[in-house]
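All heavy atoms count here, side chains included; hydrogens, waters and symmetry mates do not. Keep in mind that this is a model prediction, so the values were computed, not measured. Letters go in sequence order (proteins before strands), and every chain restarts at 1.
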Amino acid sequence: MAVYPLRTYQVSGERYNPREMEPRWQKVWDEAKSFVVRDDDAREKYYVLEMFPYPSGRIHMGHVRNYSMGDVVARYHRARGKNVLHPMGWDAFGMPAENAAMERKVHPGAWTRQNISAMKDQLKSMGLAIDWTREIATCEPEYYQHQQAMFIDFLEAGLVTRKKSKVNWDPVDMTVLANEQVIDGRGWRSGALVEQRELTQWFFKISDFAEDLLEALDTLTDWPEKVRVMQRNWIGKSEGLRLQFEVVPSDKADASSIEVFTTRPDTIFGASFVALSPDHPLTTELAANDPALAEFVAECRRQGTATEAIEKAEKKGYFTQIHVKHPVKPDATLPVYVANFVLMEYGTGAIFGCPAHDQRDLDFARKYDLPVVPVVLPTGADAATFAVADEAVVEPGTMINSGFLDGLSVDAAKQAVAAQFAGLTVDGKPQGKVEVNYRLRDWGISRQRYWGAPIPIIHCEVCGTIPVPKKDLPVVLPEDVTFDQPGNPLDRHPTWKHVHCPQCGASARRETDTMDTFVDSSWYFSRFTAPHADTPTIPAVANAWLPVDQYIGGVEHAILHLLYSRFFTRAMKATGHVGVDEPFKGLFTQGMVTHETYKSPAGEWVAPAEVVIETLGEDRKALHLHSGEPITIGSIEKMSKSKKNVVDPDEIVGSYGADTARWFMLSDSPPERDVQWTEAGVEGASRFQQRIWRLVSETIEITKQSAHSVRESDDDEAKALRKIAHRAVHNVSQDIEGLRFNRAVAQIYELTNALVRSSGIAAVAPSSRLSALEDGVARLIQLLAPMMPHLAETCWEALGKSGLVADAPWPEVDPALLVDDQVTMPIQVNGKRRAEIVVAKGTASAEVERLVLSLDEIVRMLDGNAPKKIVVVPDRIVNVVV
RNA sequence: GCGGGCGUGGUGGAAUGGUAGACACACAGGACUUAAAAUCCUGAGGGGGUAUCCCCGUGCGGGUUCGAGUCCCGCCGCCCGCACCA
């Protein structure tokens, strides 16, 4: 590109004022119903959704980032001529509302609805292209009655069960938690150490779908690999053998057999003990007559399940005095221990230990002096000298010391053992049975809380548990509840639970447990397809919209919400509410918003708003805004109230405008990574906004002043500018489709730079350049529209374009302008760039070679020698090897 | 321990095996201004040479290749997830 002279005149344009323009355009979109979507639109559908917010009171920067990304996708596909569904709702049930009720004497419903109203205003101030006519809140009977209806459908379809089981009890929130909600032995919300309690609970039979949920992960190719791996691990499939060990008769126990599960039946000849879980029924039976064992069991229970506890825990056991017969070594027996590392929840709660090939078993065997017999010889090891020391051997190899298995591979041995036991029985049970085990447990959904969807069940002493007849739905939460004491307000409500049995009419009791809030969020995306229907969905409509094409949210939901939703969608399919298995075709997990932390000399956290940063060269110093005392700049952390490093979106929107906040959230950092919120970054985004406005104003000014009336054909500069503009459209399109917003932003900057440079001389240049400038600016505004929609509308209007830029079709790209007729080829000598030549595109290699060898630099570097080899990659690069 | 990801200027980050550092932030110099802000122009990976130029450079060590930030092998470091799962 030529170097242009300084701009030829100044424009006295006013600054762009987002505070004035943003509300104005929001009103225009609203009145034009721009983003209201119709089901009967023939265009191709596109469903984009961001994870809906919990109405905590105010939106935070994480929301801004999340919804900015979704909005770009929505607006882009709209411009691409698709019928785009982009709805918003509220995940409105949950504990914080009850906590607020307890702390502030405000009803959870009032608190929640007030928060929704405030947050809706905040979201609206962002200018999101959302169809607000589809808004739903999970706490309203209009929503949860359908969830209750589906609960009954699931119950009838055998997808719900009620069973007594050991559950995770959160002593602070006074409720049961699902396994997925226990993190490191603590409640996911309260952080309290979780206790085990026996309770009768309602369960969704998610484990019925374990295999399908696992296998279908392979079809979710538009999901992050990380999330798929996490779900795969959570489902935790393992294939193995259920084995019966015959108990050697004694006066110690009545049991005649012990059942274990193993994934390594091949190592059976290396077995040297059997171990029971402290929670195993046989353990309990034995402990009844053995105080020392009872004490050992109690000690195991105290051990805890926290990460550190497990890492440090020593393998400990208690010998029961019982022996079992070795299943493949006649006359040999194995001692039976109770061991602290055997889990009742997995397999059968009992194992056989093969110390040579399992680290835990080895640690245990060394401690209790049990035999360590290697039975797998690793490939390449010497059979004569091979021995197991402190590390168990887990790699594959060849069977040794294993009777009829000797010489087989591990896999072959597994099959041979299974075949060996196939026809045999112990204690009337098959001695060995091939079995697939999953770690995934059924989903316990009963919560002993008020602010959730009531489980539509009536307990009748005569008839048992009876579903509430659908005509009686919804089971509405009573309003008059108290929160002045712990426990479930529904349970102590004076009248609510007292009902008559719908079958026999006798006095009966309503179920007072409510559903886990994760049930609410497991199908809201389906409800959005028919938010006002009097059935959970309208299947034909749901099937037209589903699956969600692009779902965007935080990775913290990788297991909980995303796995539950996959299950729930399958259950809805089984009961005829939707026709798809998978709810989310594409998933994107965005990174967090971080900020520097600040601490006062007293060691207290200080909010960014109270800190002044002084820069001296590259040094930065922080001072307190009011007191002037020095502030320590700390590490960069996720924005959180506890560290006070939060920036309020309202303040940013109020001072810089929503477009600036949106733009900054999309710039720089790749969307899957964390982004650091900085004042400088926001300033930069704001400056860019003004820069665009200046460019547009100048372009308009130049057009007015231009005396040109005849359209001339493009000169080189005009053509170059058109190329840049078309290329930008092409690249930005690809980047948005690939969700590479940071790169799209960079492309837009480049186009802007080129246009600003060009505008400086357009007034005195040939008319073709003015035309290219005008066209380029219009394209720029369109590229900008998904990201800075208010600014784009303002510019669009100023440029005299008709209609809204939000309704304008995405600009077309002339493919001819994407290709260069000339290419610059770098010339490498031994892989290092030494020169370059400009040749016509498609120049033959031989011609390129000739040109290269005639270059002064190359002649000099060859120093009279002939090159060993010349590699010419047409239109790309040349490498001369000397 | 297992699984996944990452490591590039002062900073955030670009780079279908083909000119490393696009774009932005921060910084420096200059123009404009009474001044400041804003704006515009210029510079910049490190080292050396007053121009043109040379050497080094993507965590470390090897390898494949005409050519490696990118692919392979072995290390080091950081982040995330799961975890006594038999």
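Atom name C1', nucleotides B:rA36 and B:rA22: the rounded distance is 34 Å, in whole Å. Comparing the P positions of B:rA38 and B:rC27 gives a spacing of 11 Å, expressed to the nearest Å. Using P as the reference atom, B:rC40 and B:rA26 are 13 Å apart when rounded to the nearest Å. Using atom C1' as the reference point in both B:rC2 and B:rG12, the two lie 33 Å apart (nearest Å). The P atoms of B:rG69 and B:rG9 are separated by 14 Å, rounded to the nearest whole Å. Here the separation of B:rG21 from B:rG30, taken at their C1' atoms, is 26 Å to the nearest Å. A gap of 13 Å separates the P atoms of B:rC25 and B:rC41, to the nearest Å.
Picking from B:rC23, B:rC84, B:rA26 the nucleotide with the shortest atom distance to the side chain of A:E750 gives B:rC23. Minimum atom distance to the side chain of A:R687 is reached by B:rC25, of the listed B:rC25, B:rG18, B:rU19. Between B:rA22, B:rA86, B:rG67, one nucleotide has an atom nearer to the side chain of A:Q828 than all others, and that is B:rG67. The side chain of A:S238 lies closest to B:rA86 when the candidates are B:rA26, B:rC23, B:rA86. With distances taken from any side-chain atom of A:R439 to the nucleotides B:rC82, B:rC23, B:rA86, the minimum falls on B:rC82.
Where A:Q747 and A:T824 each meet RNA chain B at their nearest nucleotide, the meeting point lying more 5' is that of A:T824. Ranked by how close their nearest RNA chain B nucleotide is to the 5' end, A:V880 and A:E836 are led by A:E836.
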Notebook entry, point to check: Which parts of nucleotides 51-65 of chain B does protein reach within less than 4.0 Å, heavy atoms only, written one letter per nucleotide 5' to 3' as B for base, S for sugar-phosphate only and - for none?
Noted result: ---SSS---------

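Applying the Watson-Crick and G-U wobble criteria (two distances, each under 3.5 Å), B:rC25 pairs with B:rG10. Across the strands present, B:rG1 finds its partner in B:rC82; the criterion is a Watson-Crick or G-U wobble pair with both atom distances under 3.5 angstrom. The nucleotide B:rG45 finds its pairing partner in B:rC56, both defining distances of the Watson-Crick or G-U wobble pair being shorter than 3.5 Å. Across every strand in view, B:rG61 sits in a pair with B:rC73 that passes the Watson-Crick or G-U test at under 3.5 angstrom. In this structure, B:rU39 and B:rA31 make a Watson-Crick or G-U wobble pair, each of the two defining distances being under 3.5 angstrom.
Remark: A:E345 engages no residue in a side-chain hydrogen bond (donor to acceptor under 3.5 Å, both in side chains) (not counting sequence neighbours). Partners of A:R779 by side-chain hydrogen bond (donor to acceptor under 3.5 Å, both in side chains), not counting sequence neighbours, listed by chain and number: A:H726, A:D775. Annotation: side-chain hydrogen bond (donor to acceptor under 3.5 Å, both in side chains) contacts of A:S640 (sequence neighbours excluded): A:S642. Remark: A:T678 engages A:F664, A:Q676, A:A680 in a side-chain contact (heavy atoms from CB on, under 4.5 Å) (not counting sequence neighbours). Under the ring-ring contact (aromatic ring centres under 6.0 Å, His included) criterion, A:H730 pairs with no residue at all, not counting sequence neighbours. For the ring-ring contact (aromatic ring centres under 6.0 Å, His included) test, residues two or more places apart in sequence or in another chain that qualify with A:F273 are A:F364.
Near RNA chain B, meaning a heavy atom under 4.0 Å from it, residues 220-231 of chain A has A:K226, A:V229, A:M230 in order of number. Annotation: proximity of residues 342-356 of chain A to RNA chain B (heavy atom, distance under 4.0 Å) is found for A:V342, A:L343, A:Y346, A:I351, numbered in ascending order.
Base orientation of B:rG57: anti, the glycosidic angle falling outside 90° of 0.
Between A:D820 and A:K723 a salt bridge is recorded (basic side-chain N to carboxylate O distance below 4.0 Å). Electrostatic pairing of A:R232 and A:D218 counts as a salt bridge here, judged by a charged N lying under 4.0 Å from a carboxylate O.
Rounded to whole Å, atom C1' of B:rG1 lies 14 Å from atom CG of A:L362. At whole-Å resolution of the value, CD in A:Q689 and P in B:rA38 are 16 Å apart.
The stretch residues 269-279 of chain A participates, sequence neighbours left out, in these salt bridge (charged side-chain N to carboxylate O under 4.0 Å, His left out) pairs: A:K166-A:D279, A:D279-A:R301.
In this structure, A:F741 CZ and A:D735 CG are separated by 10.0 Å, a value rounded to the nearest 0.5 Å.
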Which atom pairs, donor and acceptor, lie under 3.5 Å between side-chain atoms of residues 828-836 of chain A and protein residues at least two apart or in another chain?
unit_1: A:N830; atom_1: OD1; unit_2: A:V882; atom_2: N; d: 3.1
unit_1: A:R833; atom_1: NH1; unit_2: A:E836; atom_2: OE1; d: 3.4

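Residue A:R232 places none of its side-chain N or O atoms closer than 4.0 Å to OP1 or OP2 of B:rG4.
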Could you list all N or O pairs between the protein and nucleotides 11-14 of chain B that sit under 3.5 Å apart?
unit_1: B:rG12; atom_1: O2'; unit_2: A:S669; atom_2: OG; d: 3.1
unit_1: B:rG12; atom_1: N2; unit_2: A:D668; atom_2: OD1; d: 2.9
unit_1: B:rA14; atom_1: OP1; unit_2: A:N742; atom_2: ND2; d: 3.3

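Side chain of A:R662 to backbone of A:M787: a donor-acceptor contact under 3.5 angstrom is found. Proximity of a side-chain donor or acceptor of A:N437 to a complementary backbone N or O of A:S238 within less than 3.5 Å is not detected.
Taking the six-membered ring where the residue is Trp, A:W693 and A:Y16 present tilted rings, their angle falling between 30° and 60°.
Other residues, nucleotides and ligands contribute over 12 non-hydrogen atoms within 6.0 Å of the NZ atom of A:K237.
The aromatic ring centres of A:Y564 and A:W234 sit 6.0 Å or more apart.
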